[in-house]
Structures are given as C-alpha cells and as structure tokens.
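I have placed the structure first, in the form of structure tokens, so that the comments after it can refer back to it.
Just so we're on the same page: letters track the sequence lines, and every chain starts at 1.
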There are 2 protein chains.
Amino acid sequence: MLDLAILGLLLEQEMHGYEIRRRLRDELGLFANISFGSLYPALSRLERSGAVTVAGSGGAVSAPIPATGSLGGERAGLRARRAGSTLGTKRSRKVYRITDEGRTLFEQLLEGDEPAGTDDARSFGLRLAFASHLAPSARLALLERRRAQLTRRLATDLARASGERLDVYTRSLVEHSTEATEHDIAWLDRLIESERLRQAPMRPAEASGDLETTDSTDLGDPRSGGAMTSTSPSGAS
Amino acid sequence: MLDLAILGLLLEQEMHGYEIRRRLRDELGLFANISFGSLYPALSRLERSGAVTVAGSGGAVSAPIPATGSLGGERAGLRARRAGSTLGTKRSRKVYRITDEGRTLFEQLLEGDEPAGTDDARSFGLRLAFASHLAPSARLALLERRRAQLTRRLATDLARASGERLDVYTRSLVEHSTEATEHDIAWLDRLIESERLRQAPMRPAEASGDLETTDSTDLGDPRSGGAMTSTSPSGAS
DNA sequence: TTTCGATGTATCAGGTTGATATATCGGATG
DNA sequence: CATCCGATATATCAACCTGATACATCGAAA
C-alpha cells in the first residue's frame, strides 16, 4: 500500500526518504503523517526487490550495504558511518530512483485488486490520486468498484440504524456515518459522470436535449469536492 | 484502543470472544470487522492484567496456560494440543466477565488522553459510543477536543487545496476531504449544542418560545457550523 | 451420509505506528 | 565566538492490528 505511494512519487522525480514523507503529507494529504518506521523499511524492501535504486547520496558514499541482518539478537552495529570524507553538500541522504521494474510494479499495484490488508478508503484515495496514470477504462472501473463498495456499506449501515435499542450517541454516530457515506457516493457519481463525458468521443451532437455537453474539465458543480471520507468507522472524523 | 471497546461491551453483560466481535460489528459499527488476531490477544492481555475473568467455559476445561514463549526463532511448537479428553457439552467457549478493576480501567481509557497510536476518528467514534458512561462535563470536553482537532485539520487541508499545481484527481480528493471535514465539524457543533442544552439547568423558562424540554434527541440547526479550515487526509476510514 | 456453512478459539507473517537514537546543518541569542 | 535549538535525515524498536490459516464442533441441506 505504501509502496504504491512511494513509486508514484518517484515516478515524477528522484527523491530521498524524508522528502517522500513531506510530499505525501503536503501534496497527497493521504497518510497524514506516515511514520519513518514504515517508510524506511518500505524503501529497503523496494530496493531489495529492484523496484528502486539508490542514485547517489548527498555526500557520503553510503556503505555498500550495512548488512541488515543480525537475526539472533545482537545489538551492535550502529557506530560507524562517520567516515569523514566526501561530506559534500548536504548530509548523508540516500536519493532513490525508480527503475523500469518499479514502473511495472507501480502499474500492477495501481490496477491490481486491493491486495487485502488495506484500509479501504485510504487505498482508494491513493489510487485516485494516481488515476491519471490509468487508462480511461481502468479509471472508470476504479470509481465504480469504489461506488459499489460504498453502496454495500450504506446498506449495512442503514440496517444497523433501524435496529432499535441504540444509545443516543451511538445512534448519532451511525446516522452521521450514513450521511457521510451518502455524501461520498454522490461525489463518486459526479466523478463517474465526468469521466464518462470525458471518454465519450463527443458524438455528433445528436441528442438534442442532452445538454451540457461537457467540456467539463471540472465538472460543474462548483461545490464538488467531497471527501472520501470515511464513513467507515468513524464517522466522525 | 480495542480494550476500551471490549470493556465497554462487557459492562453490559458477560460474553465470549466471538460474540464480542459480532456486537462490535452489528451494534457499534466501529471496527467494521475486527480481526481475531487482534481480539483474542486483547482478551488475553485483559485477563492477564486482571481486568476481566473467565467465567466458565462451555465445556472444556481450558488448559492452564500454553506457555506462549519460545523467543529465539525456533519454528516448532504447533502440533500438540490434540489431547482429547474433557470435550464437554457445548463447545469450548470462554465467557468473559468484567471485574471491578476492569471497570476502573474502562473509565480511565474512556476519559484519558488519546494514548497515541490511535486512529483519530476511530478512537473518537468509540469514545462517543460510550459517552453515556461519562460525566456531562467530560462528554462535552470530548466533543470539544475532537472539534479542535478537526479544525486544525481543516486549516492544513485548506492550505494544501490552495497550493497550486495539483492533479485533477488529487484536487478533487482534497476538496472532497475538506468538505467532509466541514460536515463533521457541523455535526459536532450540533452535538455540542445539544449537550449544552441538556446540561443547562433549564432555567426558569424565561424564554417564551422555547419549548420542550428537551427531548432533543435530534437537534436543530440545520446549518450551524462553522468550520472552516482544514482538511486532513480524508476522513479516513 | 456427506458436505457445507456458522460458531468458536488460536496463531502467524507482515506491515504500521509513535517513540527514540544518532547525526549534521543553519541560525538565533548571548 | 560559543552554544543551544530546530529542521533535516536515516534507522530501529516494542506494541499492535490485519488477513490468512488451522483446528474443532455443530446443525441442516442434499
């Protein structure tokens, strides 16, 4: 899940870990604050699997590989690296670059079925953020998959809401959650419609009444927006 | 986090693990589908710490303690347990009951600062679901803490939204997220207002038009809110 | 009768999180 | 000029959660 986000960012330009985190926070907004304990292991994983390569460090020559291992329980291994030499400009920062293999992986992850273990909303939001890398049909499929998902959720939420004997606060929570889901669905409907228009080859204006032809770079509704929100557990939030 | 949910349910009546899961799903709605790999360890934890006790098993006598250990890396240890003997009536189900200690813990968890590591929305939703166990003032504090949180989020989200150069899809995502946050804040405002009314000693009916006492199960102001700002990553979910 | 799905407890590998350790750089303050 | 502090930067850890899977029993359909 995180891998997709990392690869997506590296697609644009090479970066070091810290910056990836910053971009994820400031641009994507997803992963409010991805933790380093998650980010660095992910980068190691990707490097090991050949999806990314380290393209030079800011100055230090980065040891060939610190030999991560050490399973057994030793504690050692963290002094060195002081090797004061080419401390060029910045600091020891490892700049990552995506490989062709990585590009392939990115596409698989982007299109592939949710690999499970995913958060649902988070996973969808991430994919949507990179939707411009998808073929139009895949993009539409993504939106519709999500819509179906939310519709299912709405059904169970409504069922729960009618179940009597609910605490006042619990009821408010459930109702708010339901509303949020409805709001999300409406948003998706707008996105889907705008996708459809974009894909329609702009037929010969046959249909008279049908207006709005489109154009729509931004679909109409000035208020569009909407959050993916959650609905899910929270509601709140 | 999960501990709070479990204790909250056991407060009402004793239950076995499977049922706790069911109630969490069907009633609370939070934790859409809490995993067993999360639930059972949590129950063990709570039992070990004395917050709950096992109040009889459906039939089997439950082994004294399987000795979880084995740190080191060995792989073994998973055959046994076949020991066919006292397979009583029903099935081996462990019914949990909350203790006085557990009740104390519940209150601490419910009121305590978010212990970190929490999901934010999920954590708030859970607390709200058990809000009737809080003193009115603590309830209000919970709502206001959450509101402040969302307001902060809205601020950063708006900042991101104005940052130019955003992909069409990313922008839609951010906008939707912003709206969802605003919606959440408006909801909280309604809850807060209704809480305040409930707490107001119902002054001498001074205000003429004001009626009803209460009830208010569902409050009024359609557009209250105020919100502006923020947005964070989605709602999450 | 056998098969299948619901009930039930339990464990595991893998991934995430917040906290923390280490290290360097640039600026503010005294 | 020294020193403190915050931002930049990489890395690890314990604790926890998730989905998958294993094991086991029961009731009902086929």
Side-chain angles (χ1 to χ4, degrees), chain A residues 1-3 5 15-22 31-45 54 57-60 62-63 66 68 70 73-84 87-96 114-120 122-123 233, chain B residues 1-3 5 15-22 31-45 54 57-60 62-63 65-66 68-71 73-84 87-96 114-120 122-123:
Chain A
M1 246 265 305
L2 218 193
D3 299 20
M15 267 178 256
H16 55 268
Y18 201 82
E19 190 173 4
I20 289 176
R21 181 180 131 104
R22 198 171 49 66
F31 302 98
N33 248 353
I34 199 65
S35 128
F36 291 119
S38 178
L39 178 61
Y40 289 117
L43 284 169
S44 301
R45 237 182 291 142
V54 174
S57 318
S62 103
T68 308
S70 112
E74 310 119 70
R75 222 73 218 3
L78 48 155
R79 13 94 187 71
R81 183 154 19 115
R82 219 274 109 149
L87 280 168
T89 353
K90 242 0 191 230
R91 256 285 335 221
S92 68
R93 33 143 92 159
K94 293 169 78 176
V95 177
Y96 291 93
E114 341 284 301
T118 6
D119 203 311
D120 233 41
R122 197 122 120 174
S123 165
Chain B
M1 246 268 301
L2 217 193
D3 300 19
M15 268 177 255
H16 55 266
Y18 201 82
E19 190 174 3
I20 289 176
R21 181 180 130 105
R22 198 172 47 67
F31 301 98
N33 248 355
I34 200 64
S35 129
F36 289 119
S38 180
L39 179 59
Y40 288 117
L43 284 169
S44 301
R45 236 182 291 140
V54 174
S57 318
S62 105
I65 280 176
T68 310
S70 121
L71 54 148
E74 310 116 71
R75 227 70 218 3
L78 44 156
R79 16 87 185 69
R81 181 151 25 113
R82 221 274 108 149
L87 282 167
T89 342
K90 243 334 195 279
R91 259 304 323 260
S92 63
R93 40 145 89 157
K94 293 168 79 176
V95 177
Y96 292 92
E114 343 282 302
T118 8
D119 198 314
D120 234 40
R122 198 123 119 173
S123 165

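- Using a 4.0 Å cut-off, some side-chain N or O of A/Tyr40 falls inside it from OP1 or OP2 of D/dT10.
- The phosphate of D/dC16 has neither OP1 nor OP2 within less than 4.0 Å of any side-chain N or O from B/Ser38.
- D/dT8 atom C1' lies 14 Å from atom CG of A/Leu39, rounded to whole Å.
- Nucleic acid contact for B/Gly37: base, since at least one base atom lies under 4.0 Å from a heavy atom of the residue.
- Shown here are the side-chain contact (heavy atoms from CB on, under 4.5 Å) partners of B/Ser35, two or more places apart in sequence or in another chain: B/Ser38.
- Note on A/Arg45: a side-chain N or O is less than 4.0 Å away from OP1 or OP2 of C/dT16.
- Here C/dG8 presents its P atom at 14 Å from CG of B/Leu43, a figure rounded to the nearest Å.
- Between A/Leu2 and A/Phe36, the residue anchored nearer the 5' end of DNA chain C, judged by the nucleotide with its closest heavy atom, is A/Leu2.
- Straight-line distance from the CG atom of A/Asn33 to the P atom of C/dT17: 9 Å, rounded to whole Å.
- Side-chain proximity of B/Ser35 to C/dT11, C/dG18, D/dT18: nearest is D/dT18.
- The phosphate of D/dA7 has neither OP1 nor OP2 within less than 4.0 Å of any side-chain N or O from A/Arg21.
- One atom, CZ of B/Arg22, and another, P of C/dT7, lie 8 Å apart when rounded to the nearest Å.
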With a cut-off of 3.5 Å and sequence neighbours excluded, list every side-chain donor-acceptor pair involving residues 15-22 of chain B.
from	atom 1	to	atom 2	distance (Å)
B/Glu19	OE2	B/Arg22	NH2	3.4
B/Glu19	OE2	B/Arg23	NH1	3.1
B/Arg21	NH1	B/Ile34	O	2.7

